[in-house]
Protein chains: 2
Amino acid sequence: MSEPLDPAMFRDPDCTDRAAQPIRVGGKWTASVLRCLQDGTARRFSELRVPLYWITPKVLTETLRAMERDGLLTRTAHDENPPRVEYALTALGRSLLGPLDAACDWARTHGTEIVEAREAYGA
Amino acid sequence: MSEPLDPAMFRDPDCTDRAAQPIRVGGKWTASVLRCLQDGTARRFSELRVPLYWITPKVLTETLRAMERDGLLTRTAHDENPPRVEYALTALGRSLLGPLDAACDWARTHGTEIVEAREAYGA
DNA sequence: CTGTATCCACAGTGATACTG
DNA sequence: CAGTATCACTGTGGATACAG
């Protein structure tokens, strides 16, 4: 999720503007929120906290706000008491599930190789 | 590349150890290094710097060391003068190109939607 | 229940200069 | 050429407490 939006993140060799960096989409928790919502059902703020390592409300708010701003999910506040707010993926958010699953499959398949390589490197 | 190795990054709801976080593979530049080397040819330190926004040597060194440690690439130092060091992907590194391409394809296809969503959000 | 308000620690990133 | 050494900055992420 922290991948630069520029798919290759390469620059024109003639470009001299070092500040011309690609924009970034997503933070540490974006992928996990996506997976929480991937079955299509809308979930509430507190429902999202539990599977996400009891992420603090501040960080969850920031994550959800950023995803809403980027068009990945919708925020629906029902005018009730006590308040009820529900989050659900947009079509754009769902379109990210494919690449995300590919990454997760890779992690499942090759995760142990990474761990073993790290241990071998220590020696 | 900053995805947690745990594919879902969900925790056992009964787990009370908040520090039990999944390990992470890769940093800001890992995907770009991967793409620099994806055609299979080994490249030298200074060859890698140019397309990577003239990344500073310190950061490139750290990135390459981490990738070597994780088994994603090999570092070959030829005993010459001036020194020559070449980096090439391992099989594990090449296996990451698939998921990476999927992510890049997504960015190519949906990048403008993100930008538009951000602009619309400002209004 | 769904967030804000503060405050803070630190990893990550980077600029610059120097070395074998 | 291929790095290391320092120093500094910044934003993300997090703990805790409080509010509508």
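In this text, all values refer to a predicted model and were calculated from it rather than measured experimentally. Chain identifiers are assigned alphabetically (A, B, ...) following the order of the sequence lines, protein sequences preceding nucleic acid strands; residue numbering begins at 1 within each chain.
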Between [X] (side chain) and [Y] (backbone), is there a donor-acceptor pair under 3.5 Å?
X: B:Asp39; Y: B:Thr41; answer: yes
X: A:Arg49; Y: A:Ile55; answer: yes
X: B:Arg43; Y: B:Tyr87; answer: no
X: B:Ser32; Y: B:Leu52; answer: no

If you only use heavy atoms from C-beta on, which nucleotide in [options] is closest to the side chain of [X]?
X: B:Lys28; options: C:dG3, C:dG14, D:dA2; result: C:dG14
X: B:Pro57; options: C:dG3, D:dA15, C:dA17; result: C:dA17
X: B:Glu62; options: C:dT13, D:dT4, C:dT4; result: C:dT13
X: A:Val85; options: C:dG3, D:dG3, C:dT13; result: C:dG3
X: B:Arg44; options: D:dA2, C:dG3, C:dC1; result: D:dA2
X: A:Thr56; options: D:dT16, C:dT13, C:dT16; result: D:dT16
X: A:Arg75; options: C:dT4, C:dT2, C:dG14; result: C:dT2
X: A:Trp29; options: C:dT2, D:dA2, D:dG14; result: D:dG14

Without decimals, in angstroms, what is the distance between [X] [atom1] and [N] [atom2]?
X: A:Glu47; N: C:dG3; atom1: CD; atom2: C1'; value: 16 Å
X: B:Asn81; N: C:dG20; atom1: CG; atom2: C1'; value: 9 Å
X: A:Trp54; N: D:dG14; atom1: CH2; atom2: P; value: 16 Å
X: B:Arg43; N: D:dC1; atom1: CZ; atom2: C1'; value: 17 Å
X: A:Glu80; N: C:dT2; atom1: CD; atom2: P; value: 10 Å
X: A:Leu60; N: D:dT16; atom1: CG; atom2: P; value: 18 Å
X: A:Tyr53; N: D:dG13; atom1: OH; atom2: C1'; value: 16 Å
X: B:Ile55; N: C:dA15; atom1: CD1; atom2: C1'; value: 13 Å

**Asked** Which part of the nucleic acid, if any, lies within reach of A:Arg65 when heavy atoms closer than 4.0 Å are counted: base, sugar-phosphate only, or nothing?
**Response**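 Here A:Arg65 touches the backbone only, sparing every base.
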**Message:** Between B:Arg84 and D:dG3, is there a contact of a side-chain N or O with OP1 or OP2 at under 4.0 Å?
**Reply:**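 No, outside the criterion.
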**N/O (side chain, A:Thr61) to phosphate O (OP1/OP2, C:dG3) under 4.0 Å** =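 Result: no.
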**Asked** Taking atom types as they are modelled, is there a donor-acceptor pair under 3.5 Å from the base of D:dG13 to the side chain of A:Lys58?
**Response** yes
**Shortest non-hydrogen separation from A:Glu47 to A:Ala42 and the atoms involved** =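 Shortest heavy-atom separation between A:Glu47 and A:Ala42 comes out as OE1-O, 4.4 Å.
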